[in-house]
Novice: 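Encoded as structure tokens, here's the structure I'll be asking about.
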Amino acid sequence: MTASLSFARAGDKKNSPEFEDYIGRLLEERDRIGLTDCIRQIDALMITVEPAHSLAYVAELCVMTPYHYLVTLESESHFTHILRIDMGAPDILVREVKDPNVRGIFRSLNEVYPIGAVKPNSRYMGEVLRVTDPHAVVGMQKARDIRFFNQDQVRKLELPGNMAVVKPSPYTHNIVAYWERPESDIRVYALGWSSIRDDMQAAYEAAKSTQKKLGIGDLLLPIDHLATRIYSQNREAAILEYLTLSSYYYWGSYDIADQNSSTNVTKSVHYANELECPAKVFTAANHPYFMNHLLTESPTEAFVRNFGPRLHHIAVAVKDGETAALANIDYVVKSLRDCGQTFLLDVIGSKEEGLKQIFSSASEYSSLIIEYVQRFGGFQGFFTKDNVAELTHAAGVEESLKALQEAAQS
């Protein structure tokens with residue numbers, strides 16, 4: 001039996017006594033009933049974009065990450081484009097609604113937020129988790145009062161029919177889906193008509209040609225972590241909920257006091273290497289927005305108020321080493337900047353500290369940021385507090401500008 005409480009705790013943020021009590025009880029029970037062992041790695045990430053935006057977004061991802069375009073699945077009202085590195089890393093499913101007037105639950109999650117409503121179909125949806133026994137997992141989760149879409153609702157939402165899909169979280173607005181796949185089997189999504197689209201293939205080939213010309217293709221590794229921003233009051237609940245839905249454990253939290261923020265990390269109990277199963281990070285303000293005038297404004301809370309709770313960035317790992325006398329991350333960033341990609345700040349961190357990091361500007365197609373992270377010499381840490389503070393500040397400045405721009409146009 002997996003022991004989810006056996007992992008060392010990192011960080012300096014103090015949690016409530018209730019949180020510490022609940023996490024012990026929750027993980028102990030999850031292990032005891034066999035749920036931890038049934039739920040394995042993240043098999044896929046689901047992202048939805050505006051009509052006619054998927055072509056450009058797939059091309060963008062194929063330049064900035066190691067992903068390859070595989071195939072397009074067409075259903076009545078959606079295209080779903082499958083991106084893959086290999087079977088050792090999660091797929092990315094880029095979903096595009098055909099008709100901009102189509103309405104649904106995922107669109108409604110955007111429309112109540114001022115900037116989220118500008119691109120109502122653009123959002124990260126959630127993760128697909130591989131399980132060994134889906135009927136047992138769904139039964140155990142329903143016994144814990146987890147709510148699922150029924151099969152008719154899954155069909156109407158045009159999600160893959162071979163998945164059990166949990167309804168959106170009240171804390172993160174993300175979904176989790178479960179499916180059964182023997183680890184030796186290839187991933188196959190039960191959704192629509194399959195084809196390799198000529199326009200997608202051409203865009204993919206052009207993107208990989210650019211990546212090869214820049215000399216960065218061999219330097220980019222799979223996803224390191226996924227970072228979600230949530231309201232301050234939901235920090236502990238969001239962490240506990242994800243531990244309930246997954247087989248992750250609580251790695252720890254760091255307080256970034258001068259940014260009125262905390263970074264909270266969960267990791268897979270089964271896969272020590274994040275490149276096999278990305279870490280899940282939850283960022284939240286230390287106090288709510290209505291205390292800003294008395295204390296410190298939070299870029300994290302400002303983001304959530306404008307976009308809603310949602311995924312903020314996808315972190316892509318960069319191979320350790322140097323290219324052309326530069327750390328690989330510096331070479332990647334310089335190469336991308338030379339061909340027009342913008343970033344929110346310069347690369348921060350150092351080899352001596354163990355890692356370097358940077359945020360790209362947010363994608364105009366998905367609103368997601370790409371983070372690059374390079375660890376040096378087998379460094380096991382997740383970040384440094386100085387790095388996180390600078391990244392949080394940089395993202396906050398950009399979101400503040402976006403909010404002002406939207407307000408000026410309204």
Side-chain angles (χ1 to χ4, degrees), residues 9-20 112-116 169-174 225-242 250-266 279-313 315 343-346 348-349 353 355 357-362 367-369 371 373 381-407:
R9 179 79 65 87
D12 59 8
K13 174 134 184 105
K14 288 182 170 55
N15 302 305
S16 71
E18 291 81 10
F19 175 86
E20 296 296 350
V112 294
Y113 297 94
I115 301 180
S169 162
Y171 312 115
T172 67
H173 288 184
N174 291 341
H225 64 270
L226 305 163
T228 300
R229 294 198 163 183
I230 52 179
Y231 279 111
S232 57
Q233 70 271 18
N234 291 336
R235 182 185 76 91
E236 293 185 342
I239 296 168
L240 292 171
E241 181 191 49
Y242 198 72
Y250 177 52
W251 183 81
S253 301
Y254 280 92
D255 188 23
I256 316 298
D258 62 346
Q259 295 295 315
N260 175 21
S261 185
S262 67
T263 298
N264 309 269
V265 182
T266 66
K280 278 279 289 185
V281 178
F282 301 89
T283 305
N286 289 332
H287 60 253
Y289 72 92
F290 51 80
M291 298 297 290
N292 287 346
H293 65 294
L294 300 176
L295 299 168
T296 306
E297 186 171 358
S298 168
T300 300
E301 192 93 342
F303 175 89
V304 179
R305 293 188 71 208
N306 282 310
F307 282 93
R310 59 162 62 197
L311 195 76
H312 177 261
H313 66 266
F343 292 84
L344 300 187
L345 70 171
D346 292 326
I348 57 175
E353 293 172 288
L355 79 167
Q357 297 165 279
I358 192 171
F359 275 164
S360 76
S361 297
S367 300
L368 290 171
I369 285 170
E371 176 187 342
V373 55
F382 196 78
F383 48 72
T384 70
K385 289 190 69 171
D386 288 343
N387 282 15
V388 171
E390 288 192 56
L391 292 169
T392 302
H393 173 72
V397 169
E398 184 190 58
E399 301 315 330
S400 298
L401 290 174
K402 283 185 176 181
L404 290 171
Q405 290 167 0
E406 296 297 336

Novice: Check the orientation of His313 and Phe359. Use parallel for under 30°, tilted for 30 to 60°, and perpendicular for over 60°.
Specialist: tilted
Novice: Distance from Ile239 atom CD1 to Ser253 atom OG, nearest 0.5 Å?
Specialist: 4.5 Å
Novice: Calculate, to the nearest 0.5 Å, the distance between atoms CD1 and CG belonging to Ile230 and Leu311 respectively.
Specialist: 12.0 Å
Novice: Would you name the heavy atoms of Ile358 and Asp346 that are closest together and state the gap between them?
Specialist: CD1-C, 3.7 Å
Novice: Of all heavy-atom pairs between Ala10 and Tyr254, which one has the smallest distance, and what is that distance?
Specialist: CB-OH, 4.1 Å
Novice: If you take all heavy atoms of Asn264 and Ala284, which pair is closest and at what distance?
Specialist: ND2-N, 4.4 Å
Novice: What verdict does the side-chain contact (heavy atoms from CB on, under 4.5 Å) test give for Asn234 and Phe282, after you've listed the backbone C-alpha separation in whole Å, the side-chain angles of each residue and the deciding distance to 0.1 Å?
Specialist: CA-CA 10 Å; Asn234 291 336; Phe282 301 89; over 6 Å; no
Novice: Return the minimal non-hydrogen interatomic distance between Glu301 and Pro288, and the atom names on each side.
Specialist: OE2-CA, 3.4 Å
Novice: Are the side chains of Lys280 and Asn174 in contact, using a 4.5 Å heavy-atom criterion?
Specialist: yes
Novice: Working to the nearest 0.5 Å, report the span between NE2 of His287 and CG of Asn260.
Specialist: 3.5 Å
Novice: With no hydrogens and no angle check, just 3.5 Å: does a side-chain donor-acceptor pair link Thr228 and Thr172?
Specialist: no
Novice: Testing the 3.5 Å rule here: is there a donor-acceptor pair between the side chains of Asn286 and Arg235?
Specialist: no
Novice: Nearest 0.5 Å, what's the CG-CZ distance between Leu368 and Arg310?
Specialist: 7.5 Å
Novice: Measuring from Tyr113:OH to Asn306:CG, what's the distance to the nearest 0.5 Å?
Specialist: 11.0 Å
Novice: Quick check with a 6.0 Å cut-off and a 45 degree axis cone: is Arg229 positioned over the face of Phe307's six-membered ring?
Specialist: no
Novice: For the backbone of Ser169 and the side chain of Glu241, can you confirm whether one donor and one acceptor N or O come within less than 3.5 Å of each other?
Specialist: no
Novice: Does atom OH of Tyr171 have more than 12 heavy-atom neighbours from other groups under 6.0 Å away?
Specialist: no
Novice: What is the minimum heavy-atom distance between Val265 and Ala279, and which atoms define it?
Specialist: CG1-CB, 4.4 Å
Novice: List the residues meeting side chain to side chain contact (heavy atoms under 4.5 Å, CB included) with Asp258, not counting sequence neighbours, and say none if there are none.
Specialist: Ile256, Ala389
Novice: Are Ser360 and Leu344 close enough, and set up right, to give a side-chain contact (heavy atoms from CB on, under 4.5 Å), and what steps lead you there?
Specialist: CA-CA 6 Å; Ser360 76; Leu344 300 187; over 6 Å; no
Novice: Looking only at atom types and distance, does a side-chain atom of Asp255 sit under 3.5 Å from a main-chain N or O of Lys14, one as donor and one as acceptor?
Specialist: no
Novice: Any chance you could measure Ile369, atom CD1, to Phe343, atom CZ, to the nearest 0.5 Å?
Specialist: 11.5 Å
